[in-house]
2 protein chains.
Amino acid sequence: MREFKRKSRILLVDDNAEHLRGIKELLTLETGYDIAGTTTSANIGINLVKKYRPEIVIMDINLPEKDGLQAIQEIEKLGLGTKILVLSGYDDPDLIYRAMKIGANGYVLKTMSSAQLVYAIDEILAGKYYLPSALSSRFFEHFQQSFREECEASDEENLLTYLTSREEEVLELLTQGNNYKGIAGKLFISETTVKTHVNNIFQKLQVNDRTQAVLYALNNGFGKKIRAKISA
Amino acid sequence: MREFKRKSRILLVDDNAEHLRGIKELLTLETGYDIAGTTTSANIGINLVKKYRPEIVIMDINLPEKDGLQAIQEIEKLGLGTKILVLSGYDDPDLIYRAMKIGANGYVLKTMSSAQLVYAIDEILAGKYYLPSALSSRFFEHFQQSFREECEASDEENLLTYLTSREEEVLELLTQGNNYKGIAGKLFISETTVKTHVNNIFQKLQVNDRTQAVLYALNNGFGKKIRAKISA
DNA sequence: GATTTTCTCAATCTTTAGATTTAAATCAAA
DNA sequence: TTTGATTTAAATCTAAAGATTGAGAAAATC
């Protein structure tokens, strides 16, 4: 890997000019990377990405004019395959989670050693993702938490459980945007029968019309039984 | 940490009896952990968790009778705070992703060194999550991919972009289950005006009724702009 | 075997939804 | 300033949705 180092262009974005100089010095002295540019502005940074096409951007996440996360998204949107290493002062789980979610390839703290920074850059340039183990732990806490909340929300007193199997069929066709005639045709029953089912569904779900029924179904995990079997 | 080791109970679940013996020997010889039990069956494993309440379960993920992922979910549902370390023969990104998603605290390959296994157990017992860097990379690939797909799906020719801001307001109220009167009241405009807006929405979204409009909105990322500002 | 639930269907009626046309006021852009 | 887009509104009409009652047949449950 050492032989490619001098070819890799790096862009530095940090609102602290001193910190910027420090990192630049570190990287030019200790590695063979080519610092394509440095800037304290997120907007200028995005333009520099377009101009110099760096392999990797090392970006501070709390910038004055523009949110660092938003800047990451915009760089991702360019579709240049630019790698992004977040350099942050905060080990906030939610921040880590969001940064990784929108496309960061790594996240390290400003307090870490210079050797660790160089290692992170090497890993990311090699096509990997890099999170120090402490931050990785915090990420997964948040990651699992977000899924636990989804499940719990659809647990307590789900009125969908009171539906009969036929009513479930009718409701599914409702959630596909069918009207009475469409449902009747697909289930090979009369339109009046469908009306009966739909009215029973309304009473059981305590709603007044089909739109509310469909919304209740979607918000309370209707159809997740099938998806759960496939995806979990 | 060393002084707590002997107190921590471990449960081993692996369909390969030989492998089971090997791990048990390794852990009893090289560490002070207490092997609470070993089994080749996922169902028995779940019962053993209830009985012995181990701090950690080391589980093979491809079991004969029951899916390992399902077993993890059931152990999680017990709410005993049992930590789970997945021991798998596969470094499939999707498998890693799903295991971590449903509650695993770590994922290591069977090919790894015994020292790494012991390290992983220590980390998890200390309340952390553990993924070897190679698997961590694969996890994040899949993690980001899943979000990219969500966005791309709602990109190409999104009819929602043709809506005016007022129509967006009306549509949002539709997606909350309001009827004409409700929308008119909330926007302080007449019911007939709402009808006009709704009809324009139908034409722009190429649908025939409000349920289809709501479904189109939900399936094409309506409201994500607002959520994006908050959560990303 | 009796009971209950579920599924089926019809008739009737009221309300809401949706289509269509026309049009005035506002506002931004050409 | 005029053009075009947006927001507002009314009138009218048809179609669909929703509420209610009643009732027969089949299947499950007791």
Would you mind reading off the distance between [X] atom [atom1] and [N] atom [atom2], rounded to a whole angstrom?
{"X": "B/Lys204", "N": "D/dA5", "atom1": "NZ", "atom2": "P", "answer": "10 Å"}
{"X": "A/Ile183", "N": "C/dT8", "atom1": "CD1", "atom2": "P", "answer": "13 Å"}
{"X": "B/Leu163", "N": "D/dT7", "atom1": "CG", "atom2": "P", "answer": "10 Å"}
{"X": "B/Glu191", "N": "C/dT16", "atom1": "CD", "atom2": "C1'", "answer": "9 Å"}
{"X": "A/Ile201", "N": "D/dG18", "atom1": "CD1", "atom2": "C1'", "answer": "13 Å"}
{"X": "A/Ile189", "N": "C/dC7", "atom1": "CD1", "atom2": "C1'", "answer": "8 Å"}
{"X": "B/Gln212", "N": "C/dA19", "atom1": "CD", "atom2": "C1'", "answer": "15 Å"}
{"X": "A/Asn208", "N": "D/dA17", "atom1": "CG", "atom2": "C1'", "answer": "13 Å"}

Side-chain N,O ([X]) to OP1/OP2 ([N]) below 4.0 Å:
{"X": "B/Tyr180", "N": "C/dG18", "result": "yes"}
{"X": "B/Thr192", "N": "D/dA10", "result": "yes"}
{"X": "A/Thr193", "N": "C/dC9", "result": "yes"}
{"X": "A/Asn199", "N": "D/dG18", "result": "no"}
{"X": "A/His197", "N": "C/dT8", "result": "yes"}

- Task: Please confirm whether any donor atom in the side chain of A/Thr164 sits under 3.5 Å from an acceptor in the base of C/dC7, or the reverse.
- Result: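 There is none.
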- Task: Tell me, yes or no, whether the heavy-atom count around A/Lys204 atom NZ, taken from other residues, nucleotides or ligands under 6.0 Å, exceeds 12.
- Result: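 Yes, because the 6.0 Å sphere around NZ of A/Lys204 holds more than 12 heavy atoms from other groups.
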- Task: May I have the step-by-step check of side chain to side chain contact (heavy atoms under 4.5 Å, CB included) for A/Asn208 and A/Phe202, ending in yes or no?
- Result: CA-CA 6 Å; A/Asn208 304 311; A/Phe202 289 168; over 6 Å; no
- B/Arg210 or B/Thr196: which one's nearest nucleotide on DNA chain C is closer to the 5' end?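 With B/Arg210 and B/Thr196 compared, the 5'-side residue is B/Arg210.
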- Message: In this structure, is the centre-to-centre distance between the rings of A/Phe143 and B/Phe139 below 6.0 Å?
- Response: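 Yes: the rings meet the under 6.0 Å criterion.
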- Message: Within this structure, what is the OG1-CZ distance for the pair B/Thr82 and B/Arg53, rounded to the nearest 0.5 Å?
- Response: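 One finds 8.5 Å between OG1 of B/Thr82 and CZ of B/Arg53.
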- Say you draw a straight line from CD of A/Glu74 to CG of A/Asn43; how long is it, rounded to the nearest 0.5 Å?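 That separation rounds to 7.0 Å.
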- Message: Quick check: on DNA chain D, is the nucleotide nearest B/Ser190 upstream (toward 5') of the one nearest B/Lys195, or the reverse? Name the residue that is more 5'.
- Response: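 In this pair, the answer is B/Ser190.
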- Task: Name the nucleic acid region contacted by B/Asn179, choosing base, sugar-phosphate or nothing; use a 4.0 angstrom heavy-atom cut-off, strictly under.
- Result: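 Counting heavy atoms under 4.0 Å across all strands, the contact made by B/Asn179 is with sugar-phosphate only.
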